[in-house]
Amino acid sequence: MTDVKLVRNVAILGHGNCGKTTLAEAMLFRAGKTSRLGKVDDGSSNMDFEPEEIKRNITIGAAFNHYTWKKHEVFLADTPGDDNFINESKFVAKVTDAALFCIGAATSVKNQTTKFTDFIEERKIPTIICITRMDRERANFTGVIEGIKANLPLKPAITYVPIGAEANFKGIINIITQKAYIFDDKGKVQETEIPADMADEIGGYRESLMEQVAETNDELIEKFLEEGELTYEDLLDGLKAGIKSGEISPVSVSAALNNQGIEMLLDMINDLLPAPSDIVPHVGTNPKTKEITEREARADAPFSAQVFKTMADPFAGRLTIFRVFSGTLGGDSFYNATKDISERFGQIFILEGKNQRPVDSVGPGMIAAVAKLKETVTGDTLCVENEPIIYEPLTPIPAVISYAVTAKKGDEEKLFGSITKMLDEDLTLQLTRDNQTKEILISGVGQVHLEVIGEKIKRKFGVEMELHTPKIPYKETLKGKARVQGKHKKQSGGRGQFADTWIEIEPLPKGGGYEFVDKIVGGVIPRQYIPAVDKGIQEAMEKGILAGYPMVDVKVSLVDGSFHSVDSSELAFKIAGSLAFKKGAQEAKPVLLEPIMNISIRVPEDCVGDVMGDLNSRRGRVMGMDSEAKNEVINAQVPMAEIQKYAQDLTSFTGGRGSFTVSFSHYEEVPAQLAEKIIEAVKQEE
Ligand SMILES: Nc1nc2c(ncn2[C@@H]2O[C@H](COP(=O)(O)OP(=O)(O)OP(=O)(O)O)[C@@H](O)[C@H]2O)c(=O)[nH]1
Ligand SMILES: [Mg+2]
């Protein structure tokens, strides 16, 4: 196994379409891991290998590979940039030692870009800023750098500068060594003179870099002020320290599709990013003593790892992917501290795109996988039983969009079995049942997310799901009072049926449910029939009189009645109770209730006006506002019926910069005009 000092664990992060996967392909190719440059556009990528990814030319699931470059063993994770799949990126960012933060040279800082820098900020992940697609039209190095400085929390340290741009991107200058390189057509480089017209500019960059590095360290700033210079060693050491602490991020430039700038990036990963053992020890909790516990990334430390991804496969079984934090895993079992169980496994694998390479053991910094585990799920900590540790669990991004789901060809059991398998793989996916509407609801992060789940289920398990807009679980209640008689009388040869009841109906406060009060005196209705009246009322309440929705928050008192010694029965009183209630409900001002949701919407300040205006048009009520570091949080209440498509709408009017969470709050009366329409629609349907 490679010495931990020579291991690197790097995640590629950045907004959609900025060239992350292409960069990964170029790195693997340049390092000799792959024999030809995989391309996203023609489906030949090693990292975007799932059919759903190839169809859309986007990354959907995080993918892993590793390469060796100048004796270093680098574990690479390529992650999605699309909002629908950002949970994959979030989980990878929780376990990685370093990030390559990608940003297109022509597109600059996009709306969703900050979501990725938030992941980086949260753990202060040592990061290289990769300016990608330098060969594209309108590629503008200084423009992007300005954009980053103005809009992102990262502090770029300019370590490389491009020579030329767009079709004329032909080389790179290393600011630390002050050496210039020109690309040849095989993706390699040749040293050359710094172009005369760039000399001043490069001198300026060097000056700024020294100053920037010096500022991160008191000793260095003193030296710098005294001597006006930093030695090469001081500059390099200072830079490494600044990167490790997350204070500054060196910049690389590349055009991965043409293999340009890749060699420098591979060198930067080796030379500038910390090894697992250089990073502060990973902190968790000892589940037995509840004490904070640390693990150093040494191969001879007690083994610990965290599962951050699970893949469902109908043939190979479940694939459990984990990152080793400390120690060495070999043998055939480990202890799952989160579940407090031991699990056996067959073979340990290292992932190479869609392929898996068997290995005997894995150590700190490595990303590995085992197949067919039964109990272990994403987020669990694996370790040795006598030295247990649990790392912070992984919290998925909340689901915000729901559909009613049915099987296309009636194979419900197979469908729900398959969706259940997908739940293991995708913690943002949820399957619930609405007790009232009896619909099964599938919830996810966005429209495309659920579409992709449908495609995966079809491909992997051969069953198709259909999505429908869910029914709203309306309810009914009463606003007035009534005193009515319910009489059931039937004379048909033989024994007849007779029951006579008088009830008083009145509303209960919100959430009051149902209350039955027995006010019969003098035995006008015999004891044994009274529960039957109650039952009859409850049955009538299951289907309200307006549109058949369940009735709630009513108090019914049984106040009077009469019976017949031969013809009365429990059944007769049940029917009478039911009749009485239906009649009374008509008279007691029945109204329709609708579910109201709590919604928290996070948007940048300039979107607040739009969000408020839009909420207004959705019958929403703003309850309050909070400010966070970068966003405003609008807390509101809004009817469920008005936000069934909110995920798409918010994305479109904030340009993808907004996010939200919803939860059920309470029921409220539907405004009369709307209620009429709903009742009409139900009648039409019937
Ligand atoms: N000209 C040029 N095009 C590039 C370069 N890198 C990527 N592209 C193109 O940009 C598009 C997106 O590239 P990807 O590598 O899939 O981008 P990504 O960041 O992985 O996208 P997501 O995974 O969906 O977030 C593809 O059409 C690539 O061919 C580059 O260096 N130069
Ligand atoms: Mg990609």
Side-chain angles (χ1 to χ4, degrees), residues 10-30 34 36-65 76-90 92-93 99-117 119 129-141 144 160 162 164-172 183 185 187 252-265 353-354 445-446 448-449 451-452 656:
V10 187
I12 309 182
L13 297 169
H15 62 238
N17 210 42
C18 68
K20 299 178 292 297
T21 304
T22 307
L23 187 67
E25 295 291 346
M27 292 164 72
L28 293 166
F29 179 64
R30 185 67 192 83
T34 50
R36 75 189 195 98
L37 182 66
K39 295 208 170 106
V40 174
D41 302 306
D42 64 9
S44 68
S45 160
N46 296 280
M47 303 299 265
D48 279 0
F49 55 83
E50 300 261 16
E52 295 77 26
E53 299 181 312
I54 294 171
K55 174 179 158 188
R56 293 177 172 77
N57 279 353
I58 62 166
T59 303
I60 288 172
F64 311 92
N65 216 317
L76 208 56
D78 177 34
T79 68
D82 188 295
D83 271 341
N84 284 278
F85 310 105
I86 199 172
N87 198 62
E88 290 274 312
S89 320
K90 181 182 176 188
V92 166
L100 303 184
F101 172 73
C102 294
I103 183 159
T107 40
S108 189
V109 176
K110 277 212 196 174
N111 290 341
Q112 320 97 303
T113 308
T114 50
K115 294 191 181 164
F116 302 95
T117 47
F119 297 153
I129 296 171
C130 301
I131 314 283
T132 56
R133 315 210 298 184
M134 261 313 293
D135 61 317
R136 296 272 290 219
E137 266 175 45
R138 295 193 307 280
N140 176 352
F141 176 74
V144 180
Y160 282 91
E166 307 181 334
N168 197 29
F169 176 48
K170 52 176 185 270
I172 287 188
F183 306 126
D185 53 3
S252 90
V253 282
S254 60
L257 209 53
N258 306 335
N259 255 312
Q260 293 165 325
I262 305 305
E263 186 173 328
M264 282 79 179
L265 177 59
K354 71 174 157 211
V445 174
V448 181
H449 176 217
E451 270 169 30
V452 165

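If you read the sequence from its start, that first residue is 1, and numbering goes on from there. In what follows, every heavy atom counts, from backbone to side chain, and hydrogens, waters and symmetry copies are set aside. Whatever order the structure lists ligands and atoms in, that order sets their numbers, starting from 1.
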With heavy-atom distances below 4.5 Å as the criterion, would you say the side chains of [X] and [Y] are in contact?
X	Y	value
D48	N57	no
L13	S89	yes
T107	H15	yes

Test: R56 and D82 ion pair at under 4.0 Å: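 No, R56 and D82 are not salt-bridged.
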
Determine the minimum heavy-atom distance between [X] and [Y], stating which atoms define it.
X	Y	value
S44	R36	CB-NH2, 3.7 Å
I172	F183	CG1-CZ, 3.5 Å
K115	D83	NZ-OD1, 3.2 Å

Could you pull out the N/O contacts under 3.5 angstrom between ligand 1 and the surrounding protein atoms?
from, atom 1, to, atom 2, distance (Å)
ligand 1, 1 (N), D135, OD1, 3.4
ligand 1, 1 (N), D135, OD2, 2.9
ligand 1, 10 (O), R133, NH1, 2.7
ligand 1, 15 (O), T21, N, 3.4
ligand 1, 15 (O), T22, N, 2.8
ligand 1, 15 (O), T22, OG1, 2.5
ligand 1, 17 (O), G19, N, 3.0
ligand 1, 19 (O), C18, N, 3.1
ligand 1, 19 (O), G19, N, 2.9
ligand 1, 19 (O), K20, N, 2.8
ligand 1, 19 (O), K20, NZ, 2.8
ligand 1, 20 (O), K20, N, 3.4
ligand 1, 20 (O), T21, N, 2.8
ligand 1, 20 (O), T21, OG1, 2.8
ligand 1, 21 (O), N17, N, 3.0
ligand 1, 23 (O), T59, N, 3.1
ligand 1, 23 (O), T59, OG1, 2.7
ligand 1, 24 (O), T59, N, 3.4
ligand 1, 25 (O), N17, N, 3.3
ligand 1, 25 (O), K20, NZ, 2.7
ligand 1, 25 (O), G81, N, 3.0
ligand 1, 27 (O), D41, OD1, 2.6
ligand 1, 27 (O), D41, OD2, 3.2
ligand 1, 29 (O), D41, OD2, 2.4
ligand 1, 31 (O), A256, N, 2.9
ligand 1, 31 (O), L257, N, 3.2
ligand 1, 32 (N), D135, OD1, 2.7
ligand 1, 32 (N), D135, OD2, 3.3

Please list, chain by chain and in numerical order, all residues satisfying side-chain contact (heavy atoms from CB on, under 4.5 Å) with A256, sequence neighbours excluded.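 A256 satisfies side-chain contact (heavy atoms from CB on, under 4.5 Å) with T22, L23, A26, I262 only.
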
If only protein N, O or S atoms under 2.8 Å count, total around the Mg ion (ligand 2):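 Protein N, O or S neighbours of the Mg ion (ligand 2) under 2.8 Å, waters not counted, come to 2.
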
Among residues at least two apart in sequence or on other chains, which ones pass side-chain hydrogen bond (donor to acceptor under 3.5 Å, both in side chains) with K170?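 Counting only residues at least two positions away or on another chain, K170 forms no side-chain hydrogen bond (donor to acceptor under 3.5 Å, both in side chains).
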
